[in-house]
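Working notes, structure below.
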Protein chains: 2
Amino acid sequence: MPRRKAEAGLEPNRRAELLRAAARLFVEKGFDATTTRDIADAVGMRSGSPFYHFRSKQELLKTAMVEGLDAGYARLLAAIDGITDPEQRLRILVRTHLGTLLEGECHAPMLLGETRALDAAAHAEIAAAFDRYQMPWQTTLDELQHSGKLASAAAPVRLLLFGMLNGSKHWYRPDGKLSLDELADSAVALLLGESRTMVPATGTPKVPC
Amino acid sequence: MPRRKAEAGLEPNRRAELLRAAARLFVEKGFDATTTRDIADAVGMRSGSPFYHFRSKQELLKTAMVEGLDAGYARLLAAIDGITDPEQRLRILVRTHLGTLLEGECHAPMLLGETRALDAAAHAEIAAAFDRYQMPWQTTLDELQHSGKLASAAAPVRLLLFGMLNGSKHWYRPDGKLSLDELADSAVALLLGESRTMVPATGTPKVPC
DNA sequence: CCTACCGATCGGTAGG
DNA sequence: CCTACCGATCGGTAGG
């Protein structure tokens, strides 16, 4: 009786749907403001059913973060495959990261601020996923430093870079005048100090800083 | 009977205490996770009493943001008073901003993400306060562009800069090896492309990106 | 600014 | 995965 088994509720689709809906809602409204009922509604379940797939609301967030980061990591690796020039590779990393952040379905990197609600064990799992995600970045920054195009590849530089990129979630409008390619170029130019690059002007967004 | 009047509960101290406590708790735990009872407890009031001073929890957040930003703005103006060299002025703006953000009592700039919970009218008030705060920055960036030290002073550059600085709240540890002065120098060096500046290395923080 | 309280909501569970 | 439900909490208010 394969049919009964197929309807038994252990299909990975429903689980994945829950994760996608949860990630989207957590980004939109924040972890605390999103109710487990919101998440259930979004996938057409009843209020108690998400707890059949996940032990708690916290586990939903933790899993969305870890799996989202790993998916983003896979996308990074695919995008830079075979690129040997470190400057070109940085450009691709930045562009791919911004794509994931600003137009993709996976908003994991911008849920960082929501992990406040999680316990130490969850923090450790998420930190490990972040370490994986940062590996190609650190490699590329190191190469840029060795070739003299970057003054320093120390931790603060990488962290300032991520802050710069992730902060764009607060002000970037996909329907505005600035394209993702232009934004990526601006960020790379700022990091590498390319004083020749002119950044195109845009209208001032509503809440700028 | 001046005594009765002094005890009548309209002293601005209590109001200011509530705002300080609210801002601190909103930063620590987030707007939604902070209860009005938490705030009342923090200043030794009963659960219903904050509503004598503020109509709602939202108004508490809005007021903390606007008054915090204006206090930070006043601090910026005092710090750059009389500084004519734009590069030096930028350094002071960055250092003062980081001080406000990372060690001061006023964490207003980092409550940006919490304003999700507010309505359009509150957003407009906060946006106006941000515009005031950004004025000296834009002036300084424009001067740097005219003197050729900055490729562009367009909006995206300013926004990337703020993202870079504000993101440090997620990873900077005041008790770590990196001082605020060093962090400020790193950020300015990154923005101005000073390839001669070496950034000191630090241990990798727990949750880096 | 306190006391006393309410209506609504929320995360999570038992049992099927 | 649904039904039915609970215990706890929370923002806010009335009346003083």
Side-chain angles (χ1 to χ4, degrees), chain A residues 1-23 25-26 28-64 114-119 121-122, chain B residues 1-23 25-26 28-64 114-119 121-122:
Chain A
M1 286 150 180
R3 211 152 167 282
R4 187 186 292 168
K5 199 177 182 191
E7 286 167 346
L10 269 176
E11 313 109 282
N13 323 1
R14 300 300 278 163
R15 197 189 100 105
E17 283 175 47
L18 277 171
L19 284 176
R20 261 199 306 275
L25 289 165
F26 289 158
E28 274 175 31
K29 318 185 0 174
F31 178 73
D32 293 304
T34 302
T35 69
T36 54
R37 283 164 172 82
D38 291 335
I39 299 170
D41 281 350
V43 299
M45 285 179 184
R46 299 310 182 105
S47 68
S49 302
F51 297 97
Y52 171 74
H53 294 275
F54 296 93
R55 251 189 298 273
S56 66
K57 191 181 165 187
Q58 278 79 10
E59 192 180 290
L60 218 27
L61 173 58
K62 186 209 70 181
T63 310
E114 307 293 337
T115 56
R116 245 184 321 220
L118 302 181
D119 60 20
Chain B
M1 287 150 180
R3 211 150 167 282
R4 187 185 294 168
K5 200 176 180 189
E7 287 168 347
L10 269 175
E11 312 110 280
N13 323 3
R14 299 301 278 163
R15 198 189 99 105
E17 282 175 47
L18 276 171
L19 283 177
R20 260 199 307 275
L25 288 165
F26 289 158
E28 275 175 30
K29 320 190 350 177
F31 178 73
D32 293 304
T34 302
T35 70
T36 54
R37 284 164 171 82
D38 291 335
I39 299 169
D41 280 350
V43 299
M45 285 180 184
R46 298 309 181 107
S47 68
S49 301
F51 297 97
Y52 171 74
H53 294 275
F54 297 92
R55 251 189 297 272
S56 66
K57 191 181 165 188
Q58 278 79 9
E59 191 180 290
L60 218 28
L61 172 59
K62 187 209 69 179
T63 309
E114 306 292 336
T115 57
R116 244 184 323 219
L118 302 181
D119 60 20

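As a basis for the values below, the full set of heavy atoms in this structure was taken, side chains included, without hydrogen atoms, waters or symmetry mates. Residue numbers begin at 1 in each chain, while the letters A, B, ... track the order of the sequences.
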_Whether the side chain of B:Ser47 engages the backbone of B:Arg37 through a donor-acceptor N/O pair (distance < 3.5 Å, no angle test) should be reported._
no

_Can a donor-acceptor pair be found, under 3.5 Å and without considering hydrogens, that links the side chain of A:Lys57 to the backbone of A:Phe31?_
yes

Between [atom2] of [N] and [atom1] of [X], the distance in whole Å:
X       : N      : atom1 : atom2 : result
B:Asp32 : C:dG11 : CG    : P     : 11 Å
B:Lys57 : D:dT9  : NZ    : C1'   : 12 Å
B:Asp41 : D:dC10 : CG    : C1'   : 13 Å
A:Ile39 : C:dG12 : CD1   : P     : 10 Å
B:His53 : D:dG12 : NE2   : C1'   : 16 Å
B:Met45 : C:dC1  : CE    : C1'   : 7 Å
B:Leu18 : D:dG11 : CG    : P     : 14 Å
B:Glu59 : D:dG11 : CD    : P     : 15 Å

*Contact check, side chains of A:Leu18 and A:Met45, non-hydrogen atoms, under 4.5 Å*: yes

_Side chains of B:His53 and B:Leu19, heavy atoms from C-beta outward: is any pair under 4.5 Å?_
no

Polar-atom pairs under 3.5 Å, protein N or O versus N or O of nucleotides 13-16 of chain D: list them with distances, or write none.
none

[X] and [Y]: which non-hydrogen atoms are nearest, and at how many Å?
X       : Y       : value
B:Ala40 : B:Arg46 : CB-O, 3.5 Å
B:Ser56 : B:Phe51 : CA-CE2, 4.1 Å
B:Phe54 : B:Arg15 : CZ-CG, 3.6 Å

*Can you figure out which of C:dT3, C:dC1, C:dG11 approaches the side chain of A:Thr35 most closely?*
C:dG11

_Among D:dC5, D:dG12, C:dT3, the one nearest B:Gln58 by side-chain distance_ = D:dG12

*Whom does D:dG15 pair with, Watson-Crick or G-U wobble, provided both distances fall under 3.5 Å?*
C:dC2

*With respect to the phosphate group of C:dT9, does any side-chain polar atom (N or O) of A:Arg37 fall under 4.0 Å of OP1 or OP2?*
no

